[in-house]
Amino acid sequence: MSSEAKCSKPACDKFVAINELAKRRGFFWPSFEIYGGSGGFVTYGPLGTRLKQNIEAKLRELFVKKIGIYEMESSVIAPGKVFEASGHVDHFKEPMVECQNCHGRFRADHLLEEKGISAAEAEKMSLEKTGQELERHGVVCPDCGGKFNPPTRYLTMFETTIGPYQGSVGYGRPEAAQNIFVEFNRLYTTARERLPFGCLQIGHALRNEISPRQGLIRLREFTIADLEFFFDPEEPTCDKLKEVEDEVLPILLCETRLKECQDTTELTVREALDRKVILSEWQAYFMAMAKRLLIELGVPASKQRFLEKLTWEKAHYSSQSFDQEVLVDRWGWVEVSGHAYRTDYDLACHMKASGVDMTVYKEYPNPIESEELTVKPNMAKLGPVYKGEAAKVAALLAKAPAQEVADAMQKQGSYIVDKYEIKADQVDIRTQKTLVRGKRFVPHVVEPSFGSDRLFYVALEYAYGIKDDRVVMSFPRSIAPIQVGVYPLMSKDGLDVKAKEVQSMLACEGFMTEFDETGSIGRRYARADEAGVQLGITIDYDTLKDSTVTIRDRDSWQQVRTPIKDLPKLLHQFFEGKLNFPQLGIIIET
RNA sequence: GCGGUUGUAGUCUAGCUCGGCAGGACAUCAGCUUCCCAAGCUGAGUACCCGGGUUCAAAUCCCGGCAACCGCACCA
């Protein structure tokens, strides 16, 4: 079918074209179709799964291998306590009211805010109180003036029961980050108790969206890549900053946004830090790396920007947040990653809720010497005098300010604590030298967090192109789901046998290959272009004579002639980016 | 969740107003033929979103559900 005919309708944008292609060729499709489907769930097919794996591999290459970040994998379900402690149970529950007349739904707290009640106050209110306040202010439906039903809470986390006991609530994680915080102590031990260090978790997350309607952009179950990077707030220096300090970050600043202006400010990483636009060096570093990741996925720098989040847009845990956005055909700017400075919020919350110490110990370069006056009860003397009350007296003494006790002893020879008079010989007062070698503190965290499915979608959209009326998916060569297609020019005269040999050899060399012998050679090239197969190797009658093959490039449709024996080395270098296509052999003029 | 639009093979779609054998294009598979950019011929398989109702007869009309798109709302 001609793509022109397909795109003559006004409704046909890239989103439609990609969804159609994705279904037809097996990149992805809506899940559970045989039962009518269920919104917000998606299945990745053979091509899509590979592409997604390659994208995630790219993320690992940039964020894990190069910096030495750890990785972990934990459960999707967590006991209720985890998300109560993290603040998600409170923040994912929105009070909503429904109009009895038109059934419109509104955020109850937003309605109260319009009546002059502060956001903080409205958020804290109980459901009952919210209902009373709505009534007191005579709030009616802004659409039709109808009355509201009593407010209810809508929880955007998936709730479940762990085991057969009803009281044991569990939640599907809405982000992968909490697993990392919860396991901090083990990870820190594994990291040989050194800061800074980071840990990445790529895995599924669940958010029970009210109405997920943008294909891969908003799903109820999706893949998230959360990287939590822990560092000492007193030593916030990023030792990798040199590698990225000249990288330009186009940022849409808060001050610009408040003027209702969409202009981005182009700042290098260095400038952004100097001007305190970005507070943390590590955060700036990760933002620069995120920009590079998207470039490697095929999104040019000019189609990317960072959006500084306004105070009320930020997550409950974040002190400074940026969204990395990519321009897409249908929706304009779409978030692909979030960069939050979470400070010590999460670890502190879990420490408080669990009672487990999650501080780390830092030794000072030079121990700090200090002199301290101590008052030690002399139990040998106190015991016989106070008998049963001796322990209580000792405890009271321990609480008393040492200097005050010492002064009293010197002046009056005794000290009165509560109703007891302590004699000088009943305590031991001395000056003790102590050496403070270090201190304990809660590490700070910066978090880059990627939506894997969104990375996948933008990679598809930016790969999508039309050449001579044919769809060509021009993936960057490092993420192409199939690297090499092998085609016998004819599937007879031994060409097919030879082609299978070549394919098998390349597969053993570690390449992702595909064999196709049906249809004319042109048709097979077209099919391969649509699947984003990077290179095509064609076995023809000359191959049988001189053991050379034709290699065809997906994007330029150029062809070169190369001996079979040179293929492994040349192709490895090509996919590593060390060779360009014309360097793969002798160019065939067509 | 509300309002609007919509749901027909693998994909895109005609037919629905006015009930009467569900048609096309592309894709797929097989055979012949051709062989370096979707050639041709012959043949094949595959569809009316689900459930109920009205009717001799339902893709078509009615009711309910599910799903998608657009708008509203929501999106830490």
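Lettering follows sequence order; numbering is per chain, from 1.
Remark: A/R218 is not in phosphate contact with B/rC74, judged by side-chain N or O atoms under 4.0 Å from OP1 or OP2. Distances shown here put a side-chain N or O of A/R527 below 4.0 Å from the OP1 or OP2 atom of B/rU28. When the side-chain nitrogen and oxygen atoms of A/R523 are compared with OP1 and OP2 of B/rA39, one or more of them lie within a distance under 4.0 Å. Look at A/T156 and you won't find any side-chain N or O under 4.0 angstrom from OP1 or OP2 of B/rC75.
You'll find the ring centres of A/F158 and A/Y171 outside the 6.0 Å limit.
Here the separation of B/rU60 from B/rC70, taken at their P atoms, is 27 Å to the nearest Å. For the C1' atoms, the distance linking B/rU17 with B/rG1 amounts to 32 Å, nearest Å. Taking the P atom of each, B/rG65 and B/rG24 are spaced 36 Å apart, rounded to whole Å. For the P atoms, the distance from B/rC63 to B/rG3 is 14 Å, rounded to whole Å. One C1' atom belongs to B/rA76, the other to B/rU8, and the distance between them is 42 Å to the nearest Å. Rounded to whole Å, the separation between the P atoms of B/rG53 and B/rG71 comes to 38 Å. Nucleotides B/rU46 and B/rC12, compared at atom C1', are 16 Å apart to the nearest Å. The same atom, P, is picked in B/rC49 and in B/rG40; the two are 32 Å apart, to the nearest Å.
Residue A/D469 contributes atom CG, which lies 13 Å from atom C1' of B/rC26 at whole-angstrom precision. Between the CZ atom of A/R342 and the P atom of B/rA76 there is a distance of 13 Å, given to the nearest Å. Rounded to whole angstrom, the span from the CZ atom of A/R554 across to the C1' atom of B/rC37 amounts to 16 Å. Rounded to whole angstrom, the span from the CZ atom of A/R470 across to the P atom of B/rA27 amounts to 12 Å. What separates CD1 of A/I34 from P of B/rG51 is a distance of 13 Å, to the nearest Å. The distance between atom CD of A/E530 and atom P of B/rC26, rounded to the nearest whole Å, is 15 Å. One can place CG of A/D329 at 12 Å from P of B/rC70, the figure rounded to the nearest angstrom. Rounding to whole angstrom units, CG of residue A/D226 and P of B/rA76 are separated by 14 Å.
For B/rU60, there is no paired base (Watson-Crick or G-U wobble, both distances below 3.5 Å). Pairing of B/rC32, defined by two Watson-Crick or G-U wobble distances under 3.5 Å, is identified with B/rG40. Judged by Watson-Crick or G-U wobble contacts below 3.5 Å, the nucleotide B/rU17 has no partner. Searching all strands for a Watson-Crick or G-U wobble partner of B/rG45 with both distances below 3.5 Å returns nothing. Nucleotide B/rG71 is matched to B/rC2 when pairs are restricted to Watson-Crick or G-U wobble geometry with both distances under 3.5 angstrom. Partner assigned to B/rC26 is B/rG10, using Watson-Crick or G-U wobble distances below 3.5 angstrom.
For A/E530 and A/R24, the salt-bridge test passes: some basic side-chain N is under 4.0 Å from an acidic carboxylate O. The pair A/K545-A/D540 does not count as a salt bridge, with every side-chain nitrogen at least 4.0 angstrom from each carboxylate oxygen. In this structure, A/R552 pairs ionically with A/D529, as a charged nitrogen and a carboxylate oxygen lie closer than 4.0 Å. With respect to the salt-bridge test (charged N to carboxylate O, under 4.0 angstrom), the residues A/E461 and A/K14 do not qualify. For the pair A/E209 and A/R218, the salt-bridge criterion is met [side-chain N within less than 4.0 Å of a carboxylate O]. Under a 4.0 Å N-O distance rule, the pair A/R342/A/E447 qualifies as a salt bridge.
Counting distance only, with no hydrogens placed and no angle test, the side-chain atoms of A/Y525 and the base atoms of B/rC36 include a donor-acceptor pair under 3.5 Å. A donor and an acceptor atom sit less than 3.5 Å apart, one in the side chain of A/R552 and one in the base of B/rC37.
Among the nucleotides B/rA76, B/rU11, B/rC37, the one closest to the side chain of A/E20 is B/rU11. Closest approach to the A/R24 side chain among B/rA76, B/rG10, B/rC36 is made by B/rG10 (side chain taken as heavy atoms from C-beta onward). For A/R330, the listed nucleotide lying nearest its side chain is B/rC69; candidates were B/rC69, B/rA38, B/rA30. Checked against B/rC75, B/rA76, B/rC36, the side chain of A/E209 finds its nearest nucleotide in B/rC75.
With RNA chain B read from its 5' end, the first of the two nearest nucleotides for A/W557 and A/E33 is the one closest to A/E33. For A/R220 and A/S520, each mapped to the nucleotide of RNA chain B holding its nearest heavy atom, the one lying further toward the 5' end belongs to A/S520.
Within a 6.0 Å radius of CD1 in A/I586, no more than 12 heavy atoms belonging to other residues, nucleotides or ligands are found.
Using a 4.0 Å heavy-atom criterion, one finds that A/D540 contacts the bases of the nucleic acid, with or without backbone contacts as well. A/Q559 comes within 4.0 angstrom of a nucleotide base, judged by non-hydrogen atoms across all strands.
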